[in-house]
Amino acid sequence: CGMLVGDEEFRRPFKPLPGGKGGAADARLHLWAGDEDILSLEVVKAQFGGPHTSEPIKAVVADPITGCDEKGFAVPIRGALVILIRGGCSFEEKCRRVQRTGGKGCIVVNTRGKVTAMTPGEGGAKDIDIPVGMVEKGTLEKIEELKDRGTREMLARMVV
């Protein structure tokens with residue numbers, strides 16, 4: 001299929017991407033926000049969390065951006081793929097907060113360059129069943145540019 005599926009209003013064509021970096025990526029994350037441009041990112045799956053899906057989903061940038069505030073999130077994340085940055089607390093703490101608040105996935109933007117293995121702590125993070133992945137440094141700026149061009153909510157689709 002050459003289309004992103006979901007609500008008819010948000011259907012967008014996409015072009016399959018070249019092979020990437022020798023299979024380093026586990027998936028591609030396509031983001032769009034009401035225009036023809038689609039931001040496509042390499043995602044490396046965490047060593048914990050649930051399976052990734054290719055179903056379209058609403059995407060939001062977390063506020064606070066680290067996802068580490070005990071008070072929760074200032075933006076509605078229920079039913080969304082939540083994008084956060086590395087730092088402030090452990091990967092699994094971030095993803096537990098997202099899951100507990102009704103988020104359907106957790107993407108961490110690395111603040112230290114290329115993607116790295118996200119490993120669980122001592123407990124193994126077996127309670128986290130939402131998809132979890134990491135994208136490289138600089139991604140947040142690209143996402144903000146995409147959001148600034150769009151007039152509708154940001155949507156995402158993972159190509160596994």
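In what follows, every heavy atom counts, from backbone to side chain, and hydrogens, waters and symmetry copies are set aside.
Heavy-atom minimum distance, A80 versus I57: C-CD1, 3.9 Å. Of all the heavy atoms in A62 and F73, the pair that sits closest is CB-CE2, 3.9 Å. Contact record, L81 with A156: CD2-CB, 3.8 Å, taken as the closest heavy-atom pair. Residues V108 and K94 share a closest heavy-atom pair of CG2-CD, 4.4 Å. Shortest non-hydrogen contact noted between G87 and T66 is O-CB, 3.5 Å.
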Could you please spell out the steps behind the side chain to side chain contact (heavy atoms under 4.5 Å, CB included) verdict for I83 and V60? CA-CA 6 Å; I83 301 164; V60 298; over 6 Å; no

Applying side chain to side chain contact (heavy atoms under 4.5 Å, CB included) to M158 and I107, what does each step give before you reach the verdict? CA-CA 11 Å; M158 193 86 65; I107 297 291; 4.1 Å; yes

Start with the C-alpha distance between I128 and E92, add both sets of side-chain angles, then the distance that settles side chain to side chain contact (heavy atoms under 4.5 Å, CB included), and finish with yes or no. CA-CA 8 Å; I128 299 172; E92 58 193 81; 3.8 Å; yes

Output, in order, the C-alpha distance, side-chain angles, deciding distance and verdict of side chain to side chain contact (heavy atoms under 4.5 Å, CB included) for K45 and H52. CA-CA 8 Å; K45 293 180 186 179; H52 288 226; 3.4 Å; yes

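With sequence neighbours left out, E144 forms a side chain to side chain contact (heavy atoms under 4.5 Å, CB included) with V61, L140, K147. Listed by chain and residue number, nothing satisfies the salt bridge (charged side-chain N to carboxylate O under 4.0 Å, His left out) test with E141 (two or more places apart in sequence, or in another chain). D63 meets the side chain to side chain contact (heavy atoms under 4.5 Å, CB included) test with A74, V75; sequence neighbours excluded. With sequence neighbours excluded, the residues forming a side chain to side chain contact (heavy atoms under 4.5 Å, CB included) with T111 are I85, R86, listed by chain and number. Legend: residues meeting side chain to side chain contact (heavy atoms under 4.5 Å, CB included) with L39, ordered by chain and number and at least two apart, are L31, L41, K142, I143, L146.
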Contacts under 3.5 angstrom, residues 116-127 side chains, donor-acceptor by atom type, not counting sequence neighbours:
residue: D127; atom: OD1; partner: R96; partner atom: NE; Å: 3.3
residue: D127; atom: OD1; partner: R96; partner atom: NH2; Å: 3.0
residue: D127; atom: OD2; partner: R96; partner atom: NE; Å: 2.7

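T101 contributes no side-chain N or O that, together with a main-chain N or O of G103, makes up a donor-acceptor pair within less than 3.5 Å. For the pair R157 (side chain) and S54 (backbone), a donor-acceptor distance under 3.5 Å is present.
Summarising the geometry, atom NZ belonging to K58 is positioned 10.5 Å from atom CZ belonging to R78; distances are rounded to the nearest 0.5 Å.
The side-chain heavy atoms of D129 and Q99, taken from C-beta on, include a pair separated by under 4.5 Å. In this structure, the side chains of V135 and N110 stay at 4.5 Å or more apart for every pair of heavy atoms. Looking only at side-chain heavy atoms (C-beta outward), P56 and L155 stay at 4.5 Å or farther from each other.
Residue pairs meeting the disulfide (SG to SG under 2.5 Å) criterion with at least one member in residues 73-119, sequence neighbours excluded, are C68-C89.
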